[in-house]
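So that the names make sense, note that chain A is the first sequence line, chain B the second, and so on, each numbered from 1.
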There are 2 protein chains.
Amino acid sequence: MKYHHYMARLTTLLDKVLHLATLVASDLARFERESGLTTSRTHLLWILGEAGPSTQQSLAAALDVSARNVTGLLDGLVGSGHVSREPHPTDRRATLVTPTAKGEAVIRSLIDSHDELARRLFGHLPDEQLDGFAVTLDETIATFVRLMEETS
Amino acid sequence: MKYHHYMARLTTLLDKVLHLATLVASDLARFERESGLTTSRTHLLWILGEAGPSTQQSLAAALDVSARNVTGLLDGLVGSGHVSREPHPTDRRATLVTPTAKGEAVIRSLIDSHDELARRLFGHLPDEQLDGFAVTLDETIATFVRLMEETS
DNA sequence: GGTAGTAGTGATGCTACTTCACCATGAAGT
DNA sequence: ACTTCATGGTGAAGTAGCATCACTACTACC
């Protein structure tokens, strides 16, 4: 006995978005298996790639987790040789988390595989369709953000 | 210093999809806070709502986790009164996991809030735009599935 | 009725997360 | 200078979600 025999059109649309997202996540999982990294550590490296050398506090903020958790993730990444904890040049309390050569290589290959996936998924679609897709995504995201601000 | 100063158009598109997915996930998190459930247990209830009373094996397959893990999740859900373990009518080895009245109420409200989110996100868009969005999503998902079959 | 496969669980261990307490440093006021 | 308060990081302890492995109970088949 199913609880939703009839699925509304809009709901189906939302499910498609979610489906695509889980597929993308599974591609990321493949990357993680190959590189021997976990999801959280990969995410941290990704953030580090975007922001450059960072304090643990700023990483915690970007990842939206506790600072204590970042300590643990970094312990792992330092152990595997992907990042190092450098002294902060001006604030002696802080450490500047910096990718090692190995870490930078992983970050680059992460970006590369991300880009390649995007190319494979969308590369063959006509420009017009791509534009329309982008517009709808932007509008939907904007709608969502407005919604959350209202509820908060 | 950023590692990807220049972000390709297609990659940006993929990022938008991911962004939207994380927003939807945050909405789900709100539901979980309100109902006092965890993500995994909510997911299990969702599957149960889709499939109806199920064996633990089939739940494990649907969730793509080990059967052992399902046992643990169910221990929690039985404890909180959302589901019960009924004897399987024909196979005495198996249990038939069945939502209680409380569990069914949660499942319904889960579906309701999912539907409402879809309505709020997409409800105001013109049909034509919606159709185009659905087509692109379908094509992209199909492309992805084809890609994974090739790589496997 | 033995043998092989399947459903569920106990034991054990890992990762990711949390909060709380604590220490060291920084920054601001008097 | 000296107190006060805020901030950056970590130790300790606990929870949830996952895994594998070994084991029991049952089913199915020949």
Undergrad: Nearest-Å distance, CG (B:D75) to P (D:dA16)?
TA: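 After rounding, the reported distance stands at 12 Å.
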Undergrad: Can you tell me if the side-chain N/O atoms of A:Q56 get under 4.0 Å from OP1 or OP2 in D:dT7?
TA: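 No, because none of the side-chain N or O atoms of A:Q56 sits under 4.0 Å from OP1 or OP2 of D:dT7.
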Undergrad: Drop me the distance from A:H43's NE2 to A:L48's CG, to the nearest 0.5 angstrom.
TA: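 Interatomic distance, A:H43 NE2 to A:L48 CG, rounded to 0.5 Å: 11.5 Å.
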Undergrad: Let me know the distance between CD of B:E32 and C1' of D:dA16, rounded to the nearest Å.
TA: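 So the CD-C1' distance, B:E32 to D:dA16, works out to 12 Å.
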Undergrad: If you measure only the distance, is there a donor-acceptor pair under 3.5 Å linking the side chains of B:T39 and B:T42?
TA: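 No, no side-chain donor-acceptor contact under 3.5 Å.
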Undergrad: Does A:T39 reach a base, just sugar-phosphate, or nothing at all? Heavy atoms under 4.0 Å.
TA: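 The answer is nothing, as A:T39 stays clear of every strand by at least 4.0 Å.
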Undergrad: Just the atom pairs and distances: protein N or O near nucleotides 19-21 of chain D's N or O, under 3.5 Å.
TA:
from   : atom 1 : to    : atom 2 : distance (Å)
D:dA19 : OP2    : B:S66 : N      : 2.7
D:dA19 : OP2    : B:S66 : OG     : 2.7

Undergrad: Could you tell me whether a side-chain N or O of A:T136 sits under 3.5 Å from a main-chain N or O of A:A134, the two making a donor and an acceptor?
TA: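 No, the answer is negative, given that no donor and acceptor are paired below the 3.5 Å cut-off.
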Undergrad: What integer distance in Å separates B:R33:CZ from C:dC17:P?
TA: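 Checked: the CZ to P distance equals 16 Å.
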Undergrad: Salt bridge or not between A:D112 and A:R119? Use side-chain N to carboxylate O under 4.0 Å.
TA: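 No, this pair does not count.
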Undergrad: Rounded off to whole Å, could you give me the CG-to-C1' distance for the A:L37 and C:dT15 pair?
TA: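 Taking CG of A:L37 and C1' of C:dT15, I get 13 Å after rounding.
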Undergrad: Under the side-chain hydrogen bond (donor to acceptor under 3.5 Å, both in side chains) criterion, do A:E86 and A:T95 qualify, and how do the steps go?
TA: CA-CA 6 Å; A:E86 306 294 335; A:T95 64; over 6 Å; no
Undergrad: In whole Å, what is the span from the CG atom of A:L63 to the P atom of D:dG9?
TA: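 The answer, rounded to whole Å, is 13 Å.
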Undergrad: Which part of the nucleic acid does A:T71 contact within heavy-atom distance under 4.0 Å: base, sugar-phosphate only, or nothing?
TA: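 Touches a base.
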Undergrad: Quick one: side chain to side chain donor-acceptor pair (under 3.5 Å) partners of A:R146, sequence neighbours excluded?
TA: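 A:R146 satisfies side chain to side chain donor-acceptor pair (under 3.5 Å) with no other residue.
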Undergrad: For the residue pair A:T55 / A:S58, report whether a side-chain donor-acceptor contact shorter than 3.5 Å exists.
TA: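 Yes, side-chain donor-acceptor contact under 3.5 Å.
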Undergrad: Looking only at side-chain N and O atoms, does A:T55 come under 4.0 Å of OP1 or OP2 in D:dG8?
TA: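 Answer no for this pair, as no side-chain N or O of A:T55 is under 4.0 Å from OP1 or OP2.
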Undergrad: Keeping A:K102 on the side-chain end and A:V83 on the backbone end, is there a donor-acceptor pair under 3.5 Å?
TA: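 Judged by distance alone, no pair lies under 3.5 Å.
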Undergrad: Measure CZ/B:R85 against P/C:dT9 and give the value in whole Å, please.
TA: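 It works out to 5 Å between those atoms.
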Undergrad: Atom CD of A:Q57 to atom P of C:dT25: distance rounded to whole Å?
TA: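 So the two atoms are 16 Å apart, to the nearest Å.
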Undergrad: Any chance you could list the contact pattern along nucleotides 22-30 of chain D? Use B for base contacts, S for sugar-phosphate-only contacts and - for none, protein heavy atoms under 4.0 Å, 5' to 3'.
TA: ----BS---
Undergrad: Scan side-chain atoms only and decide if B:D27 and B:H114 contain a donor-acceptor pair under the 3.5 Å cut-off.
TA: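 No.
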Undergrad: What is the separation between atom CG on B:L96 and atom C1' on C:dT6, rounded to the nearest whole Å?
TA: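 My rounded result for the distance is 16 Å.
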